[in-house]
Amino acid sequence: MEPIFEIKHVSYQYPDKHALNDINFSITKGEFLAIVGPNGSGKSTLLKLILGLLPLQKGDILVNGTSIKKINNQKGIGYVSQKANRAANGFPATVKEVVRSGLVQVKPIFKRFNKQDEQKVDQILERLNIEHIKDKNISDLSGGQQQRVFIARALISDPSVLVLDEPTVGIDAKHVASFYELLADLKAEGITILLVTHDIGVVADTATKVACLNEHLHFHGTIHDFKSLDEVEISKIYGHPIKFVNHDHDRECCK
Ligand SMILES: Nc1ncnc2c1ncn2[C@@H]1O[C@H](COP(=O)(O)OP(=O)(O)O)[C@@H](O)[C@H]1O
Ligand SMILES: [Mg+2]
């Protein structure tokens with residue numbers, strides 16, 4: 001299996017905080033990787049380094065075999081940032097406008113949107129079951145609907161990799177289930193998925209690999225091996241005791 005990203009000896013230091021320490025692992029094409037760890041464990045920092053949004057300080061990241069330092073503009077990655085939902089509140093744009101703005105990254109800024117673009121917007125809205133709200137203002141939607149809008153925005157450029165930072169925060173359980181179904185469909189289409197969450201309870205069975213982060217990479221392996229870790233081992237990663245409640249297949253964590 002070909003690696004799409006190779007993370008090699010990556011460390012990252014903010015002025016007064018060591019965020020990442022000697023991280024090493026690879027992400028394979030078509031894999032669904034869940035990156036888990038408590039708040040402040042460096043998850044968003046790692047994603048930003050992989051996306052080229054933060055400069056590398058130490059180590060290297062290879063993207064399809066080429067050092068990220070030599071890549072000006074990463075194409076083919078759809079990104080839903082941790083702040084996406086929060087930014088939506090009070091933002092004066094319709095669903096259609098937000099989704100269409102995902103095309104700006106692949107089009108010269110001054111080029112107008114054409115009929116083909118509009119068709120693409122309609123297709124993706126339909127796919128995500130949000131076509132009936134396309135003229136609504138984004139700030140008037142529920143958290144689950146806003147989430148779909150931002151995923152639609154990320155998917156409209158036909159990315160081969162989808163990166164999601166804490167996408168289930170503020171979403172109710174019913175919508176979380178349908179969100180994971182959507183991710184399973186995207187994975188089946190061959191899209192590589194990187195999903196960050198601080199809630200180990202929501203690591204879906206659709207994930208193939210898990211990376212447990214807390215400044216260091218404490219665990220990297222299959223979802224199966226992750227689920228066989230015991231509470232003591234996970235508690236060490238979290239830095240405080242954790243108890244699991246087993247709900248069907250998923251793990252729920254109560255602190
Ligand atoms: N821009 C920043 N400046 C200084 N410290 C930061 C900055 N961003 C994050 N940090 C710190 O780095 C650590 C890791 O942050 P982050 O990667 O956002 O963690 P996570 O996404 O796992 O919650 C945290 O202690 C956080 O406070
Ligand atoms: Mg974060």
Side-chain angles (χ1 to χ4, degrees), residues 5-27 31-61 63 68 74 77-89 143-144 146-147 149-151 153-154 161-171 175-176 179-180 183 192-204 207 209-221 223 226 229 233-242 251-255:
F5 298 107
E6 290 165 80
I7 294 131
K8 297 186 160 190
H9 299 291
V10 166
S11 296
Y12 195 86
Q13 164 96 40
Y14 290 107
D16 51 4
K17 169 78 193 170
H18 215 100
L20 295 170
N21 209 324
D22 198 24
I23 307 295
N24 291 285
F25 70 102
S26 294
I27 302 168
E31 154 176 332
F32 179 165
L33 173 73
I35 301 173
V36 301
N39 283 324
S41 59
K43 304 181 300 296
S44 295
T45 303
L46 179 62
L47 281 192
K48 286 176 193 161
L49 289 166
I50 291 173
L51 291 161
L53 299 174
L54 278 178
L56 272 185
Q57 294 173 343
K58 243 187 187 174
D60 203 359
I61 296 176
V63 185
I68 199 166
Q74 283 218 70
I77 302 186
Y79 172 45
V80 182
S81 79
Q82 192 172 351
K83 293 201 188 87
N85 276 33
R86 266 176 275 150
N89 294 318
Q146 285 177 349
Q147 180 199 50
V149 174
F150 287 106
I151 293 172
R153 183 182 187 275
V161 183
L162 180 63
V163 178
L164 304 140
D165 197 349
E166 308 261 12
T168 50
V169 169
I171 312 288
H175 289 111
V176 169
F179 166 70
Y180 279 114
L183 292 190
T192 307
I193 301 173
L194 271 62
L195 172 97
V196 155
T197 176
H198 69 272
D199 186 358
I200 46 181
V202 299
V203 174
K209 290 269 181 76
V210 180
C212 265
L213 205 64
N214 198 358
E215 194 183 321
H216 298 264
L217 184 68
H218 288 266
F219 171 86
H220 175 244
I223 183 93
F226 175 69
L229 285 180
E233 286 168 273
I234 303 254
S235 298
K236 274 190 218 149
I237 297 169
Y238 269 70
H240 60 76
I242 292 232
R251 267 186 151 166
E252 200 154 306
C253 137
C254 28
K255 291 170 205 163

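In listed order, ligands and their atoms are each counted from 1.
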Which residue and non-hydrogen atom of the protein lie closest to [atom], and at what distance in Å?
atom	value
atom 19 (O) of ligand 1	G42 N, 3.2 Å
atom 9 (C) of ligand 1	Y14 CE1, 3.4 Å
atom 15 (O) of ligand 1	T45 OG1, 3.9 Å
atom 23 (O) of ligand 1	G40 N, 2.7 Å
atom 22 (O) of ligand 1	K43 NZ, 2.8 Å
atom 25 (O) of ligand 1	K17 CE, 3.3 Å

With distance as the sole test, does [X] use its side chain to make a donor-acceptor pair with the main-chain N or O of [Y] at under 3.5 Å?
X	Y	value
S11	D22	yes
N24	H9	yes
K43	G37	yes
Q74	I50	yes

- Query: At their closest point, which heavy atom of Y12 faces which heavy atom of P55, and how far apart are they?
  - Reply: CE1-O, 3.4 Å
- Query: Short check: any N/O/S atom of S44 below 2.8 Å from the Mg ion (ligand 2)?
  - Reply: yes
- Strictly under 2.8 Å, is any N, O or S atom of Q82 next to the Mg ion (ligand 2)? yes
- Note on the structure: Of L51, L49, L56, the one forming a side chain to side chain contact (heavy atoms under 4.5 Å, CB included) with I68 is L56
- Query: Taking it one step at a time, do L213 and L20 satisfy side-chain contact (heavy atoms from CB on, under 4.5 Å)?
  - Reply: CA-CA 9 Å; L213 205 64; L20 295 170; 4.0 Å; yes
- Item | Steps toward side-chain contact (heavy atoms from CB on, under 4.5 Å) verdict (L164, I151) | CA-CA 8 Å; L164 304 140; I151 293 172; 4.0 Å; yes
- Task: Looking only at distances, please establish whether an N/O atom of ligand 1 is found under 3.5 Å from an N/O atom of S44.
- Result: yes
- Query: Quick check: does S41 get an N/O under 3.5 Å from an N/O on ligand 1?
  - Reply: yes
- Message: I'd like to check S81 versus D165 (side-chain heavy atoms, cut-off strictly below 4.5 Å). Are they in contact?
- Response: no
- Query: By number and element, which atoms of ligand 1 are closer than 4.0 Å to a non-hydrogen atom of P38?
  - Reply: 22 (O)
- Query: Which of the atoms of ligand 1 are close to N39, meaning less than 4.0 Å from one of its heavy atoms?
  - Reply: 23 (O)
- Within 4.0 Å of atom 27 (O) of ligand 1 (strictly less), any protein heavy atom? no
